[in-house]
Amino acid sequence: MAYRPGSEPPPIPAGAKGRCPRCGEGHMFDGYLAVRERCEACGLDYGFADAADGPAVFVMFIVGFLVVGLALWVEFAFTPPVWVHIALWFPLTAILSLAVIRPLKGVMIALQYHHRAEEGRLENK
């Protein structure tokens, strides 16, 4: 994934892959969810990166919508006992949440960089 000098990669694919939002080459994460201090390829300081609770909210909406929809469908189509719901939906919720949280956090951080997002400030006049 090589980009011309001076051009930035598209933020959504770069963030979803956990790549640097400036160069697209370096890694954004140090571990599973911990953000590195800086990009090892271009030296971008990740001090601006503050995804806060944004990725978690999106995970709850996306995974919740899928799991609740599937649970309702299974309930009305097959009427299984409660233990089947527990055996199906708890593991699926955990697996989907863990699979989606890192790409969403990467996208949020890449979009912050792309749009030059900063902490809100109130001006005193």
Check the pair L92, L70 against side chain to side chain contact (heavy atoms under 4.5 Å, CB included), reporting the backbone distance first and the verdict last.
CA-CA 10 Å; L92 182 64; L70 288 170; 4.2 Å; yes
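- Proximity of a side-chain donor or acceptor of E25 to a complementary backbone N or O of C42 within less than 3.5 Å is not detected.
- Here the CG atom belonging to L104 is positioned 11.0 Å from the CD1 atom belonging to I109, to the nearest 0.5 angstrom.
- Heavy-atom neighbours of Y32 OH from other residues, nucleotides or ligands within 6.0 Å: above the threshold of 12.
- One finds the CG atom of L88 at 8.5 Å from the CH2 atom of W83 (value rounded to the nearest 0.5 Å).
- Counting only heavy atoms from C-beta outward, the side chains of D30 and E37 never approach each other to under 4.5 Å.
- Atom OG1 of T93 and atom CE of M60 lie 13.0 Å apart (nearest 0.5 Å).
- Side-chain contact between L44 and P21: present, with at least one pair of heavy atoms (C-beta onward) separated by less than 4.5 Å.
- Note on ring orientation: taking the six-membered ring where Trp is involved, the planes of F48 and Y113 are tilted (angle from 30° to 60°).
- Taking 4.5 Å as the limit, every side-chain heavy atom of R19 sits out of range of all side-chain heavy atoms of M28.
- Side-chain contact between C20 and H27: absent, with no pair of heavy atoms (C-beta onward) separated by less than 4.5 Å.
- Neither F58 nor V35 shares a network with the other; the hydrophobic side chains, linked directly or stepwise wherever heavy atoms of I, L, V, M, F, W or Y lie under 4.5 Å apart, form separate groups for each.
- The same ILVMFWY cluster, assembled from side-chain heavy atoms under 4.5 Å apart, contains both W73 and W89.
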